[in-house]
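Okay, structure first, notes after.
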Amino acid sequence: MFNTKEIEKKWQNFWDEHNTFKTDIRDFSKPKYYALDMFPYPSGVGLHAGHPEGYTATDIVCRMKRMQGFNVLHPMGFDSFGLPAEQYAIKTGNHPGKFTNDNIQTFKHQLKMLGFSYDWDLEISTCEPDYYKWTQWIFKSLYQDGLAKEVEMPVNWCEELGTVLANDEVIDGKSERGGHPVIRKNMKQWVIDMPAYAEKLLKGLETLDWPESTKEIQRNWIGKSVGAQVRFKVANTDKSFTVFTTRCDTLYGATYCVLSPEHILVDEITSENQKEQVREYKKICSSKSDLERTELSKEKTGVFTGAYGVNPINNKEIPVWISDYVLASYGTGAIMAVPAHDERDYAFAKKFGIEIIPVIEQITGEKRENEKLKNGIVAVLYDETKDKYLTINWGDLGGRLFIGGTREENETAIECAIREIKEETGYTDIEFITEILPINHHYYAYNKNIAYEINSTGLLFKLKSNIKEEQQLDEEEKNNFKIEWVDKNIIENEIKDELHITTFKNLLNPGAYTGDGKMINSEFLNGITNKTEAINKMLEYLEEKEIGKKQINYKIREWIFARQRYWGEPIPIIHYEDGSMEALDDKDLPLILPVLEDYSPNKDGSSPLNKADDWVNREYKGKKGKIETSTMPGSAGSSWYFLRYIDPHNNEFLADKELINHWMPVDLYVGGPEHAVGHLLYSRMWNNYLYDKGIVSTPEPFKKLVHQGMILGSNGIKMGKRYPEYSVNPNDIVDKYGADTLRFYEMFMGPLEADKPWSNEGVEGSRKFLERVWRLYTVENKIKDEENQNLEKIYHQTVKKVTEDYESLNFNTAISAMMIFINAVYKETVFPKSYALNFIKLLNPISPFITEELWNMMGNNDTIAYEPWPTYDENKLTDNINKIAIQVNGKLRGTMEVPTNTEKEELIRLAKKLENIEKHISGKEIVKEIVIPNRIVNIVVK
RNA sequence: GCCUGUAUGGUGGAAUUGGUAGACGCUCUGGACUCAAAAUCCAGUGUUGGAGACAACGUGUCGGUUCGAGUCCGACUACAGGCACCA
C-alpha cells in the first residue's frame, strides 16, 4: 500500500518549489505545443467530477510532449465575470470581486491537488482590469471598424433576469439560465456584426480538425443559402418590394406574396377597407413572445393587405398578404409564395383559398427515345364504410393497379376519371374528393411496342352507394381482370407500378411537391428537368431584364453585446450631450468598474451602473457626456483569452506579436460540446478579425478541437441537484483513493468523447492496478539489471500502443495495453530494469504522483517530467510465429501456429491436416481456397 | 419534420478498417495462501446443448454484396444531441 496523501503532497510541493512546469515562452529552439482547456467559471461549489476528465486529457498529452522534447504551453485561468457572483453581490451587498477571488483560490487548490502541469505564472482572470483592458481595447477596435455598433432592434428580453440575451442564450423561447420566459422587445443595443464574418467563419470550418457534429452545428447556425432577389412592383402605385427566394425557377408558380407584419411597406400599401384588419393583426403579432410564435407555428395566420404585386416574369397581378410566418429579420422580410412547391405556402394557400399553380412535375418511370405524349388519369375510389380501395387485378397482364385511362380531347381530368370508372367498374354513384399535382410518367407498352410519356393527374373519389351500370369491356379485358376492394397495406405491398403507387401516396398525403422534376407552365423553362439548370437560366433572365439578381443570405444574426448588469466588462464608450458618441482613448483604458453601495438592478431594467453618478456623468475632451452603462456579455472575455496566456503580463499590448506568431494556433483544445455556437463561434470571429487587422498570424484559433463527454451519475443520469445521492465530488475521491487514481479511472472509463456513467467499483479497480504496479516495484523483487527475451515483444508493443493512443487521445486503450504488460511482467521472474524505468515514463502522464515517486525510488533525484520518452523498435514488435485462423465456408474451425511468412501452399497443406478441418472437408468438393498470409485460411467446400 | 451521431455479454467498453467478435476492467465462481478473514496470487466466466472433444446461435431489426460482414450497401426501429416557419 502506498500513501497517496504523503506522496501527492510531496510532489505538489516539489513542482511548486522547482517551477517544474514553467514554460519559457521565448524559447523558440524546440517545437511548440499549445494545449488548452476551456477555462472554468469559478462557481462557489468548486470542481465537479466532469472537470478533471478534459483537464487530465490535455495534461497527459502535455506531459508526453514535454518528454518528447516539445516546448509545451499549458495554461489555466478563470472566466470570472458572471451571474452567480452578481447575485451574491445583490444579496449581500458585498463586491462580487471578493467572492470571485475566494472561489478562484478554491479552484486553484483543487487543480493543484489533481496534479495538472499548468504554468501558474501564466494564470489569467477575465475580471481583472489588467485583462479586461484588452477586452475593451478589442471592442473599441471593432467599434471603430464599424463591426460593433449600437442599433435599435427587437431583442430577447428576459423580465426575470432583467436583461437582454443573445440568441444562443435562448432555448425554445426560454432563457438558457433559469428557464424564464423571453419576449421580443425593441431596444437600442450594442451588437457585433457576426454576419460580416459569416462567409469566413463558414469557409474556415473546412480547415479545422474538429468533430464533424460541431462543424455541422456551426454551419447550421451560420445558415448560408444561395438564392435570388426579385423585385415586385405594387400594382397601381410607384412602390415596389424585393423578395428573397432560393427557388427563382418556380417564379411562374408564384400566386401571392407575403410581407412580414413589421415590413415598412405594409402601412403604405394597405387598401382602405383592409386597414382595420391589418392594424389588428400587426398588434397581435407584436405582443407575441418568441415562445408563442414557436408554439403557434403549426397553424398559419395572416391577412390580405388589399394590394397586388406584379409578378415581373409574366406581369400577372397577385395578392399581397402579411403573415408572421415570414420573418422581418431574415432575407428581405418579404417572400413570393409558390404554394405548389413549398410546404408552408401550400398550407397557407389551402387555408385562405389562394390559387395553386404547379410548375414542376414529379417524374416517375424511365424516359426513353421517341416517346408518344398523352394525357392520362389515375383514379382511386375509396369505400369509407369498409375502409377499402378499389383496385383492378390484371393478373399476368400488369398486376394490381388502380383505374387508369387516357384523356380524350376537350375532356377534363375529372370527366375522364368518372367515365373510366364507369366503363371499367360500373360504379356511377361517386363523389369527387381531391386532385393532386400532375405527375410526369414514362413507360413502355410492350404489347404495342410504343414508349409513352404521360401527363397524369391523380384523383380521389368516394363511393356513395353500390349502384352499378354494366361495364364496357373488350374481350381481352373481360377475361383477365378482376375488380377487388382491398385495404391500404395490400396496396402498399402489391402495387408495383410506380405511377400508381406514387399517385396513391400523394393522394393520401396531399401537399406541396418539393422534389425535382420537369418544369411546366413556365414558358422558357418548360421541359427542363435539372433544378440547377432551371435556376441558372432564370437568374440569367432576371439579371438581363434587371428585375432580380443573385443573392446570398445567412441565418446568423448580430451578436447582442450588452447586458444590463454590473459584473461584466464596462463598454468604453461615452455618449455626449449633443447625441454623438465616442470610444475612450487607449490611455483611458481600462475603464474600471466602480464600486457600488447596492448592486441590485434598477426598476426600469437598466444597468446597476446607472447608480454610480460620478462614474457615469463626466466631462471628456471638454464635452459633457455619460458613460455607457451596459456591460459586455459573458462570452466577451473568453473570446480571446487564448491569446493572453501567451503573454499575460504585457502592459503595452494584448500580447507580443512575435510570441503570438510563434505559439498560435492552439494545437489541442478540449472542452464540452455545449459551447458549439457560443464561445466557439465568437472566438473564431474575434480571431478572424484580429487576423484581418494583422494582430494574429492565423485566422483560426483552434486547430484541433475535442469535446469530452459528460460523466454521469452511477444511475446513468446527469449529476446535479436532481439526484445528489449519485453525484461525485472529486475531493472525496482524492481523499479516499488519491488524485492518481481519479485521473487514471476517468481516463479508463471509456472514450473521451462519450458520456459515461460513474462506477465506484471501477474506481476501486483503478486503484488496485496502481497498487499492483507499486508492489511490482517495491516488494516483488523482479527488477534486475538483466535482459528477459520473454518480455521483449510485448514491451515494444506496449510502448508503441501507448505512444500512439496518447497522441490520438484513446486513453482507455492505452491503459488497457499497460495492464496487459503488467500482467505479463507478473508471470516472469525478471523485469529488466530498463523496461521498468521506461514503463514508469509511460504511466507518468496519467498518474504523475506515484510515478514521480517510483522514479525517485529507482535512484533518480530529479523530476521525471523532462526525461526522454521511450521509443520502440519496429523489428521487435513481432516474433516469427503467427497464429493463423482456419475457416471452412467462412466458419472458424481451428487455428494453428506457423512461422511468419509461410507460403500459401504450405499453409493450405498444413490446414487440411488439422483433425477438425479434415472432418469438415472430407467427402466434399473443394470449390475455392482463400489464403491471406499471416492471417487466415478459408476453404470453401460444396 | 430536417440534420448529425449512437446501438456489441450481467456490466464499463475493445476489435489492426472486410479476416479468430467480446481485448482490458468490473461483477460473479473456483483454487492457493491464512487458525480465520481481508488483501494478494492463480484459473474460469457470451447464450444454449454436451462429462468432453465439439456443435448451434450470437454485435438494435429486416434484406443485400462477399470465400468471409460488428465493420460495406439498402430499408427500418430506438435513443441522444442540434436545428426548427430561415423562403
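Throughout, protein chains are lettered first and strands after them, A, B, ... in sequence-line order, and every chain is numbered starting at 1. Small disclaimer: the values here were computed from a predicted structure and weren't measured.
- Contact check on A/R219 versus A/E212 returns a salt bridge, with a Lys/Arg side-chain nitrogen under 4.0 Å from an Asp/Glu carboxylate oxygen.
- Position along RNA chain B of the nearest nucleotide to A/A334 versus A/I820 favours A/I820 as the more 5'-ward residue.
- Classification of A/R767 and A/E771 as a salt-bridged pair holds, one side-chain N sitting under 4.0 Å from a carboxylate O.
- Taking both residues in full, the closest heavy atoms of A/A334 and A/T242 are given as CB-O, 3.6 Å, listed atom of the first, atom of the second, then distance.
- Salt bridge annotation for A/K768-A/E764: absent, with no cationic side-chain nitrogen under 4.0 angstrom from a carboxylate oxygen.
- A salt bridge links A/K912 with A/E929: the closest approach of a Lys/Arg side-chain nitrogen to an acidic carboxylate oxygen falls below 4.0 angstrom.
- Comparing B/rU17 with B/rC79, their P atoms sit 35 Å apart, to the nearest whole Å.
- Looking at A/Y513 and A/N506, their side chains never bring a donor and an acceptor atom within 3.5 Å of each other.
- For B/rG12, neither phosphate oxygen OP1 nor OP2 lies less than 4.0 angstrom from any side-chain nitrogen or oxygen of A/N812.
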Pairs under 3.5 Å (Watson-Crick or G-U), crossing ones as [ ], inter-strand ones as |: RNA chain B comes out as (((((((..(((......[....))).(((((.......))))).((((....))))..(((((..]....))))))))))))....
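- Across the interface with RNA chain B, nearest-nucleotide mapping of A/F244 and A/N916 shows A/N916 to be the residue nearer the 5′ end.
- Taking atom P on both B/rU27 and B/rG12, the two are 15 Å apart, rounded to the nearest angstrom.
- Between A/R935 and B/rU16 there is no side-chain N or O to OP1 or OP2 distance below 4.0 Å.
- Judged by distance alone, the side chains of A/S225 and A/N553 never bring a donor and an acceptor atom under 3.5 Å apart.
- Under 4.0 Å is where a charged nitrogen must lie from a carboxylate oxygen, and between A/E299 and A/K351 at least one such pair does.
- Residue A/D324 places its side chain closer to B/rC85 than to any other of B/rG19, B/rG25, B/rC85.
- Among the nucleotides B/rG82, B/rA87, B/rG13, the one closest to the side chain of A/L327 is B/rA87.
- Look at CE on A/M819: it is 13 Å from C1' on B/rA14, rounded to the nearest Å.
- When the C1' atom of B/rU4 is taken as reference, atom CD of A/Q218 falls 14 Å away, rounded to whole Å.
- When distances are taken from the side chain of A/N938 to each of B/rC67, B/rG13, B/rC57, the shortest belongs to B/rC67.
- A/K919 contributes no side-chain N or O that forms a donor-acceptor pair with the base of B/rC54 under 3.5 Å.
- A syn orientation is assigned to B/rG9, its glycosidic angle lying within 90° of 0.
- For A/K768, a side-chain nitrogen or oxygen approaches OP1 or OP2 of B/rC26 to under 4.0 Å.
- Here A/R893 reaches the OP1 or OP2 of B/rA56: one of its side-chain N or O atoms lies under 4.0 Å away.
- Distance from the side chain of A/I335 is smallest for B/rA87 among the nucleotides B/rA87, B/rC54, B/rU27.
- Between A/S816 and B/rG25 there is no side-chain polar atom (N or O) within less than 4.0 angstrom of OP1 or OP2.
- Of the candidate nucleotides B/rA15, B/rC83, B/rA87, B/rA15 has the atom lying nearest to any side-chain atom of A/T813.
- Cation-pi check for A/R231 over A/F241 is not met; the charged atom does not lie both under 6.0 angstrom from the ring centroid and within 45 degrees of its normal.
- Between A/Y330 and B/rA87, a side-chain N or O to OP1/OP2 separation shorter than 4.0 Å is present.
- The separation of B/rA15 from B/rG63, taken at their P atoms, amounts to 29 Å, rounded to a whole angstrom.
- Candidate nucleotides B/rG19, B/rU4, B/rC67 were compared by shortest atom distance to the side chain of A/K928, and B/rC67 ranks first.
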Protein N or O to nucleotides 46-49 of chain B N or O, pairs below 3.5 Å:
none

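- Checking B/rU20, B/rG12, B/rA87 against the side-chain heavy atoms of A/F748 singles out B/rG12 as nearest.
- The nucleotide whose nearest atom lies closest to any side-chain atom of A/K756 is, among B/rG13, B/rG19, B/rG25, B/rG13.
- B/rA32 and B/rG22 have their P atoms separated by 30 Å, with the value rounded to a whole Å.
- Here B/rA87 presents its C1' atom at 13 Å from CZ of A/F348, a figure rounded to the nearest Å.
- Using a 4.0 Å cut-off, some side-chain N or O of A/H920 falls inside it from OP1 or OP2 of B/rA55.
- No side-chain donor-acceptor contact under 3.5 Å links A/Y737 and A/S766.
- Just one residue in the list A/L907, A/T902, A/T878, A/N882 forms a side chain to side chain contact (heavy atoms under 4.5 Å, CB included) with A/N934, and that residue is A/N882.
- For A/R775, counting side-chain heavy atoms from C-beta on, the closest listed nucleotide (B/rU40, B/rC83, B/rA14) is B/rU40.
- With a glycosidic angle no more than 90° from 0, B/rU17 adopts the syn conformation.
- Across all strands, A/K801 comes closer than 4.0 Å to no nucleic acid atom at all (heavy-atom distances).
- The separation between A/M749 atom CE and B/rA14 atom P is 13 Å, rounded to whole Å.
- Remark: A/K224 fails to qualify as a cation-pi partner of A/Y554 under the 6.0 Å distance and 45° angle criteria applied to the six-membered ring.
- A/T895 comes within 4.0 angstrom of a base, heavy atoms only.
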